[in-house]
Amino acid sequence: MEIDELYQTIILDHSKRPRNFGELPPPATKGEGYNPSCGDEVVVFISQSPQGTIEQVRFTGQACAICTASTSLMTTQVKGKTVAEALGLKRTFIDFLTQDAIPATGLGNLQALAGVKKFPQRLKCATLGWHALEGALKTNVG
Amino acid sequence: MEIDELYQTIILDHSKRPRNFGELPPPATKGEGYNPSCGDEVVVFISQSPQGTIEQVRFTGQACAICTASTSLMTTQVKGKTVAEALGLKRTFIDFLTQDAIPATGLGNLQALAGVKKFPQRLKCATLGWHALEGALKTNVG
Amino acid sequence: MVVNSLAERYRADFPILDQKVNGFPLVYLDNAASTQHPNCVIDEIARYYREDHANVHRGIHALSSRSTKLYEDARARAARFLGAASADSIIFTRGTTEGINLVATSWGTAHLGPGDVILITEMEHHANLIPWQIAARRTGASLQYLAVHGDEGTIDWSDLERLLSQNRVRLLAFTHISNSLGCINPVRAICATARRHGVTTLVDAAQSAGHAPINVQELDCDFLVFSGHKCCGPTGIGILYGNPAVLDDMQPYQFGGEMISRVTYESADWKPGPHRFEAGTPHIAGAIGLNVAMDYLETIGRPAIQANDHHLGEVAYERLSRLPGIRILGPRRERAGLISFQLGATHAHDLVAYADQFGIALRGGHHCNQPLMRKLGLQATARASFYFYNTESEIDRLVEVLEAAIKYFGA
Amino acid sequence: MVVNSLAERYRADFPILDQKVNGFPLVYLDNAASTQHPNCVIDEIARYYREDHANVHRGIHALSSRSTKLYEDARARAARFLGAASADSIIFTRGTTEGINLVATSWGTAHLGPGDVILITEMEHHANLIPWQIAARRTGASLQYLAVHGDEGTIDWSDLERLLSQNRVRLLAFTHISNSLGCINPVRAICATARRHGVTTLVDAAQSAGHAPINVQELDCDFLVFSGHKCCGPTGIGILYGNPAVLDDMQPYQFGGEMISRVTYESADWKPGPHRFEAGTPHIAGAIGLNVAMDYLETIGRPAIQANDHHLGEVAYERLSRLPGIRILGPRRERAGLISFQLGATHAHDLVAYADQFGIALRGGHHCNQPLMRKLGLQATARASFYFYNTESEIDRLVEVLEAAIKYFGA
Ligand SMILES: Cc1ncc(COP(=O)(O)O)c(C=O)c1O
Ligand SMILES: Cc1ncc(COP(=O)(O)O)c(C=O)c1O
């Protein structure tokens, strides 16, 4: 049944028990994602190591299963990556969801969101956390 | 052929050789009619006798055959009438053109405009001179 | 007792309903967003383009006369549909949103100023809220709200008298039926109170014009707006009714052909009546299709549609209220044919996506009621909304699928 | 040589043309007012209502996704049709008139002030004239005109350079093809001159979008507007193209659903891109029908339509110019497919009524060009306007009937 393609077991799992849920205190930076059409809201917090890698990442918010799971999965993937690597992964992930025949190379668990390809209306949900991440990465630590 | 119903001989005659064409000097009053959708313009001038009857009536303007003929015919009909009679004739005439089965009693030559019943788009043309007449009648001599 | 007589008689007129979605028969419960179209409306639009189309008003050839007649017939029909005394009170718009924007701009600019108050309710659709925020900002007037209480969405209308006495309220704009709460506001009493205080009224009839009998003379409102697409009519067309007393001295909204009287290079003046507010070539086919839609609804009878709505609304309330963890907005009784709810922790988007997999069309989101949702502590709800072609067994099907969703998404 | 290849190939696609009017085969020569619709457009509108209709954007159920996709596909098609770099530059409007009103309000209010000049030509349609009179009055800017010379309707475009150097011109708005003169303005050169002076440009493409290839990037204009109903599309839908550089900081025009980002009881902010300018439920079926119309025109090819127009326009000029007492407006060569004329002392209304009795649909009046008519000492003209489905023998028929009219009304 198609619905299970969208809500794969791992998605339902991450939506019910999101990983890295919570806030990070300053000097961690944060980025916000907001989807006006459904009210999904996520806030992503990151702290960077002196070497410029992502040391810690957390998120909070109220959102649908796809958005929550995608953000949760994202947090498990970007930890330890450099800013450039994380943003590269974001591009790869969005290309994977929006273009035909893009291999899932390097996406790991994020592949579970493949079902979104068939539900273009949910694309915003699946990418909201990533946009928030980009916001957090581009916020200068003051 | 229907076109001859609209442009009866008398209409074509009055449109090519309008009767009572020209202006009247003050204290004659004047009323204007303007049809924005086609640019028809007529100005009707009247002078009243001390008894309150229409003594003289003239008109000028640039308009289509229906409008010119209708105004010309109107001038031949209202001369000598009281204001109330003239306005009554206006009502009868408009009712005749817009309602079904209204007898042409008392309309005289104006009956020649019966063809307009089949051409509702031309109603404004056929009545413009009458509206100008009403304007002239309601203008107070200053 | 199962009452489905309207659906039994009329459902077959709607070709779109006879299809499968994701392998299941379509259950269309998104009527508050847009209703579907009976064959007679679709056929008339096509017939018009095949036989009669030309531009209106300015032409005197046969096609143009036919188009003009059909277009003006639609205006006359809309006047009858709303109980207006004259077709001159009827302005064609794109829809409810444009109608309210027109009033906010053309009426608002002329009649609002610093110290004046625009009064609306907390349950207004964004279309009846943001235009007034903007009008207030532009004119220096202030915008005040009648409060909505609790999930029932009650407004204490007795408050109105007080607010009108204590403030220089110039305009009261409110919805007849709320698109997210499903409550029905007492239009007639409200307008009577406003009239006593000399306050101009605007009724947002987007959710009611196709669902309940409306007579603007009895309601005694100044403006009333609705959208064709929410009452079996085409997209892109709507109606603004304006009381002649307020309409006659209102300035135009848009400028161009058809609405002018005399134009020079220096200035222009306007036609009288509704044409003044319809600049440019109008949506002719839309008006003509809407005429047929209104005729169709009159044949069914809006009192019958209203009774059917109440019934479906109450049935839905009863059956949905048995679901574990459900939170339903709006009153239990005397409700319109729509129901808005939250199911446990499951986000409305997931519910709607899930239901769609079983052929059920729901809407999920803030329903253009963001501030109200926020006030109620909600981000989004799922909403099922009915029309006369819906049946009780469709409600049963909805309940079934929601039960499955609870299991699917439940912790 | 008789060239009717386009009509031979495509005329049968237009069911409306195959009818008798007053006992004679319809000769539809009122295309500048509104064109007719091929079966593919009419069928797609009906199909949409029968199979796919639901409200767009806010919904995630199947019908709503299909509607949204069709609606956004239409936007992408319009971008290709106009050579725009991105669909985000395309705003759906009711038509040309609304497009210009939107720009005059949203752009005008923000960019015009006392001392500024809005420059238009003396040949503008009321839709591209009155909104600027109003914008000037509201902002304190002044409205100036590029003069039209003689019946040919020539504009001395070399004057433009001077006017732009000597005045603080902020906006230049002009028509691509004049709807009463039939002349074609050199858009590209005009926009290049304006660009050099930093002047924003608006092109009224109502008469050209369906008649000539258009590439907004090559033309380098800031705004371009047209109406669907003048290029085989449905009524009630049109396009406003906006250069991203000017569109991005423009305030919304109407306010309501679909166009907002976040709304509180105190304030609201807007979505980015074209959605900001599309408040409320849009004319979904209109956009979808227009998509098919644009596709249809692309299949024929606008260069071919343009060549056909030129040919019919010149043939009409040649044959009509032989009629005694005729006065023809616009240039003899390089003219669009429309011809506006006066015949002796016979009023245009009488001519049009007469022609209608023989099945010929002409338009008579000021064609929404009142000031230009007045300047030329005319009250009204009759106008024949062609599209690719018209034939040379229809022009012959027109000449025949005009000859008879001369006898009928002649002194
Ligand atoms: C040059 C021109 N501009 C603007 C318009 C107005 O178009 P619409 O009535 O579709 O808004 C027209 C058509 O009447 C036109 O010919
Ligand atoms: C109560 C209410 N008002 C206004 C609107 C706006 O209607 P439209 O989008 O047709 O302009 C809607 C529909 O969404 C509504 O439900």
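Letters A, B, ... are given to chains in the order of the sequence lines, protein chains preceding strands, and every chain is numbered from 1.
Contacts between C:Ile284 and chain D at a heavy-atom distance below 4.5 Å involve backbone atoms as well as side-chain atoms. If you measure heavy-atom distances from C:Pro252 to chain D, you find no contacts under 4.5 Å at all. At a 4.5 Å heavy-atom cutoff, D:Arg47 makes no contact with chain C through either its backbone or its side chain. Looking at D:Trp270, only its side chain comes within 4.5 Å of chain C, counting heavy atoms on both sides. Only the side chain of D:Val21 comes within contact range of chain C, judged by heavy atoms closer than 4.5 Å. When heavy atoms are compared at a cutoff of 4.5 Å, D:Leu362 approaches chain C solely by way of its backbone atoms N, CA, C and O. The contact between D:Pro131 and chain C is made by backbone and side chain atoms together, counting heavy-atom distances below 4.5 Å. Contacts between C:Glu266 and chain D at a heavy-atom distance below 4.5 Å involve the backbone alone (N, CA, C, O). Residue C:Thr35 touches chain D through its backbone alone, counting heavy-atom pairs closer than 4.5 Å. Heavy atoms closer than 4.5 Å to chain D are found in the side chain of C:Arg66, but not in its backbone. For C:Thr109, no part lies under 4.5 angstrom from a heavy atom of chain D.
Note: D:His283 and C:His283 have tilted aromatic rings, judged against thresholds of 30 and 60 degrees for the angle between ring planes. The aromatic rings of D:Tyr28 and C:His61 lie perpendicular to each other, with more than 60° between the two planes, well past the 30° mark.
Side-chain polar atoms of C:Gln144 and D:Tyr265 form no donor-acceptor pair below 3.5 angstrom. For D:Gln19 and C:Glu51, the side-chain atoms include no donor-acceptor pair closer than 3.5 Å.
Of the residues considered (C:Ala353, C:Gly236, C:Ala279), C:Gly236 shows the highest number of contacts with chain D, using heavy-atom pairs under 4.5 Å.
Atom OG of C:Ser227 sits about 9.0 Å away from atom CG of D:Asn55, to the nearest 0.5 Å. Taking OH of D:Tyr354 as the reference point, atom CD1 of C:Ile60 lies at 14.5 Å (rounded to 0.5 Å). How far CD of C:Gln36 is from NE2 of D:His53: 5.0 Å, rounded to the nearest 0.5 Å.
When the shell of 6.0 Å around CG of C:Asp18 is examined, it contains 12 or fewer heavy atoms from other residues, nucleotides or ligands.
When C:Val41, C:Thr235, C:Ile16 are each tested for a side-chain contact (heavy atoms from CB on, under 4.5 Å) with D:Tyr49, only one passes: C:Thr235.
Using modelled atom types, one side-chain atom of D:Gln370 and one backbone atom of C:Ser261 make a donor-acceptor pair closer than 3.5 Å.
The pair D:Arg50-C:Asp43 meets the salt-bridge criterion, since a charged nitrogen lies less than 4.0 angstrom from a carboxylate oxygen.
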